[in-house]
Q: 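Have a look at this one.
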Protein chains: 2
Amino acid sequence: MTDMRTSLDPDMFDAACPSGDGPLRVGDKWTGMIISCLEDGPRRFSELQVPLRRVTPKVLTETLRRLERDGLVTRTAYPEVPPRVEYELTDLGRTLLQPLAAARVWCADHLPQLIEARNRPTAD
Amino acid sequence: MTDMRTSLDPDMFDAACPSGDGPLRVGDKWTGMIISCLEDGPRRFSELQVPLRRVTPKVLTETLRRLERDGLVTRTAYPEVPPRVEYELTDLGRTLLQPLAAARVWCADHLPQLIEARNRPTAD
DNA sequence: CAGAATCCACATCGATACTG
DNA sequence: CAGTATCGATGTGGATTCTG
């Protein structure tokens, strides 16, 4: 076995659950998904863009900057060409992994019921 | 001792923590606070307005309607005059009480650190 | 590769006034 | 009491194009 980290599953967010929809959110729209992506170690900007292929670079940058400002993520730019930038969870950022997992569990257990209620036609 | 339920503490949300700010949110801006208010039983519209005195009736109504549509809260209107309406958590709504409490714990443990990072001047 | 710049659509939230 | 009706501010997210 080699020491290369596994790459991110391109489809890890095809289940609409924890961060996109649902009543339990971690930060804004993409924050929870980004934190999930960083769970196993630092990731490059373009690595994040694989599972998060529906986010525009502008919004991804904004969200990462917010996470950095809040002390949840560190940004490391390596002075190379072509440029390489890595984002990594801080210890504070890691404290969100548990609530995030709990949100996933809630969704798995209860989100279908909520969706069903939402789609039920109103009685009027 | 009587059987009247205790009224809501008007200042129960003066600590800015779980629903207003912080990276862990339950639903939109007021949802978490409303669910907290309903924890001990049904409450009237005007009862909710006491601790939630910064929400306008329009937004409170919108939020309650959303909660109702999602099957998290029931709305019961009594045919009296003056009108009386009570909102109550459903079983599904009650499943959010634990994540909500967990969010409060996270805030108590870590929010100060986040706030400090946010207020730290950027290195530039 | 990792973004910056610009423009824009939409949803959320709020202020204010009014009503069955 | 428990809302409804308008109007307006704000902000979040997206589409597109361009660059060191």
Q: Please state whether the phosphate of D:dA2, meaning OP1 or OP2, lies under 4.0 angstrom from any side-chain nitrogen or oxygen of B:Arg44.
A: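 For D:dA2, OP1/OP2 do have a side-chain N/O of B:Arg44 under 4.0 Å.
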
Q: Base, sugar-phosphate, or nothing for A:Arg84, non-hydrogen atoms under 4.0 angstrom?
A: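 The residue A:Arg84 makes sugar-phosphate contact but no base contact.
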
Q: Below 4.0 Å from chain B heavy atoms, what is the first contacting nucleotide of DNA chain C and what is the last?
A: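 Extent of the interface on DNA chain C: C:dC13 to C:dG20.
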
Q: Counting only side-chain heavy atoms from C-beta out, which of D:dA2, D:dG13, D:dG3 sits nearest to B:Pro57?
A: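 Between D:dA2, D:dG13, D:dG3, the one nearest the side chain of B:Pro57 would be D:dG3.
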
Q: Which parts of residues 62-71 of chain A get close to DNA chain D, meaning a heavy atom less than 4.0 angstrom away?
A: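 Result for residues 62-71 of chain A: A:Arg66, sorted by number.
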
Q: Within this structure, what is the NZ-CG distance for the pair B:Lys58 and B:Leu60, rounded to the nearest 0.5 Å?
A: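 If we round to the nearest 0.5 Å, B:Lys58:NZ and B:Leu60:CG are 12.0 Å apart.
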
Q: Over how many whole Å does the gap from A:Leu60 atom CG to D:dT12 atom C1' extend?
A: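 Rounding to the nearest Å, CG of A:Leu60 and C1' of D:dT12 are 15 Å apart.
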
Q: Can A:Ile35 be reached from A:Val50 by stepping across I, L, V, M, F, W or Y side chains whose heavy atoms are under 4.5 Å apart?
A: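 Unlinked, A:Val50 and A:Ile35 end up in two clusters.
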
Q: For A:Gln49 and B:Lys58, take the nucleotide of DNA chain C holding the closest heavy atom to each; which residue's nucleotide lies nearer the 5' end?
A: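 The 5'-side residue here is A:Gln49.
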
Q: Roughly, in whole Å, what's the span from OH in B:Tyr87 to C1' in D:dA2?
A: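 B:Tyr87 atom OH is separated from D:dA2 atom C1' by 7 Å.
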
Q: Rounding to an integer number of Å, can you tell me how far B:Lys29 NZ sits from D:dG11 P?
A: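 It is 11 Å, rounded to the nearest whole Å.
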
Q: Restricting to non-hydrogen atoms, name the atom on A:Cys37 and the atom on A:Met12 that form the minimum distance, rounded to 0.1 Å.
A: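 Scanning both residues completely, I find the closest heavy atoms to be SG-SD, 4.1 Å.
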
Q: Of the non-hydrogen atoms in B:Glu47 and B:Pro42, which two are nearest, and what is the gap between them?
A: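 B:Glu47 and B:Pro42 have their closest heavy atoms at OE1-O, 4.3 Å.
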
Q: To the side chain of B:Thr61, which of D:dC1, D:dG13, D:dT4 is closest?
A: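 Between D:dC1, D:dG13, D:dT4, the one nearest the side chain of B:Thr61 would be D:dT4.
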
Q: Is any NZ, NE, NH1 or NH2 atom of the basic residue among A:Arg120 and A:Glu116 found under 4.0 Å from an Asp or Glu carboxylate oxygen of the other?
A: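 Between A:Glu116 and A:Arg120 there is a salt bridge, with a charged N closer than 4.0 Å to a carboxylate O.
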
Q: At under 4.0 Å between heavy atoms, what does A:Tyr78 touch on the DNA or RNA strands: base, sugar-phosphate, or nothing?
A: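 Here A:Tyr78 touches no strand at all.
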
Q: Within the 4.5 Å heavy-atom criterion, are A:Arg66 and A:Asp28 side-chain neighbours or not?
A: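 Yes, their side chains come closer than 4.5 Å.
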
Q: Which heavy-atom pair separates B:Ser36 from B:Leu100 by the least distance, and what is that distance?
A: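 Closest pair (atom of B:Ser36, atom of B:Leu100, distance): OG-CD2, 3.4 Å.
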
Q: Find out whether A:Leu24 and B:Val26 are in side-chain contact, i.e. whether some heavy atom of one side chain is under 4.5 Å from a heavy atom of the other.
A: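 A:Leu24 vs B:Val26: side chains touch.
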
Q: Return the minimal non-hydrogen interatomic distance between A:Leu38 and A:Tyr87, and the atom names on each side.
A: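 Residues A:Leu38 and A:Tyr87, closest heavy atoms: CD2-O, 3.4 Å.
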
Q: Write down the distance between CZ (B:Arg75) and P (D:dC1), rounded to a whole number of angstrom.
A: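 It works out to 16 Å between those atoms.
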
